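Shown next, in structure tokens, is the structure this report addresses.
Being a predicted model, the structure only gives us computed values, none of them experimental.
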Amino acid sequence: MADTDVPTLLPETEAWLRALPGVAYPQALAAQFPRIANALAAVRHDPQALRERFHELTHDHRGGRRGFPFDVMMDLLVLREALIKDDDLPGNDDATKWVS
């Protein structure tokens with residue numbers, strides 16, 4: 001298995017992301033966080049590991065984390081929806097809902 005902790009997008013990761021059916025290439029994720037893209041690609045054949053990785057990325061377990069830029073978070077959520085196919089998306093409570 002390739003080293004997923006390199007600071008650049010691995011060729012096999014890019015090929016996998018470009019080949020995902022019905023999903024636009026996650027350019028923000030690939031450009032800003034190639035290590036995360038590589039880590040997702042490394043576990044793509046293990047549904048439970050993939051689910052756990054997305055959960056770690058979309059939930060703050062340590063407190064006080066800054067979070068991802070909006071475009072990266074959207075890439076992650078689109079990938080998660082396409083790859084996991086369940087209803088356990090990150091939720092909002094009343095304190096974090098958007099008001100229009």
Which atom names give the shortest non-hydrogen contact between [X] and [Y], and what distance separates them?
| X | Y | result |
| --- | --- | --- |
| Tyr25 | Ala30 | OH-CB, 3.4 Å |
| Pro34 | Pro7 | CG-O, 3.3 Å |
| Leu79 | Leu29 | CD1-CD2, 3.6 Å |
| Ala37 | Trp16 | O-CZ3, 4.5 Å |

Using 0.5 Å steps for rounding, measure from the [atom1] atom of [X] to the [atom2] atom of [Y].
| X | Y | atom1 | atom2 | answer |
| --- | --- | --- | --- | --- |
| Glu12 | Asn38 | CD | CG | 7.5 Å |
| Asp75 | Ile36 | CG | CD1 | 11.0 Å |
| Met73 | Leu57 | CE | CG | 8.5 Å |
| His55 | Arg80 | NE2 | CZ | 9.0 Å |
| Leu9 | Arg35 | CG | CZ | 12.5 Å |

Inset, instruction - Please step through side-chain contact (heavy atoms from CB on, under 4.5 Å) for the pair Phe54 and Leu40, ending with a clear verdict. - result: CA-CA 8 Å; Phe54 277 115; Leu40 290 171; 4.0 Å; yes

Inset, instruction - Verify side-chain contact (heavy atoms from CB on, under 4.5 Å) between Leu83 and Val23, making sure each step is shown before the conclusion. - result: CA-CA 10 Å; Leu83 298 170; Val23 177; over 6 Å; no

Inset, instruction - May I ask you to decide if Gln48's main-chain N or O and Arg51's side chain share a donor-acceptor pair within less than 3.5 Å? - result: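 Not at all, since once roles are kept as given, no pair shorter than 3.5 Å links the two residues.
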
Inset, instruction - Begin with the C-alpha distance, continue with both residues' side-chain angles, and end with the deciding distance and a verdict on side-chain contact (heavy atoms from CB on, under 4.5 Å) for Gln32 and Asp71. - result: CA-CA 10 Å; Gln32 296 176 53; Asp71 54 351; 3.3 Å; yes

Inset, instruction - Answer whether the closest heavy-atom distance between the side chains of Pro26 and Leu17 falls below 4.5 Å. - result: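 Yes. Closest side-chain heavy atoms under 4.5 Å.
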
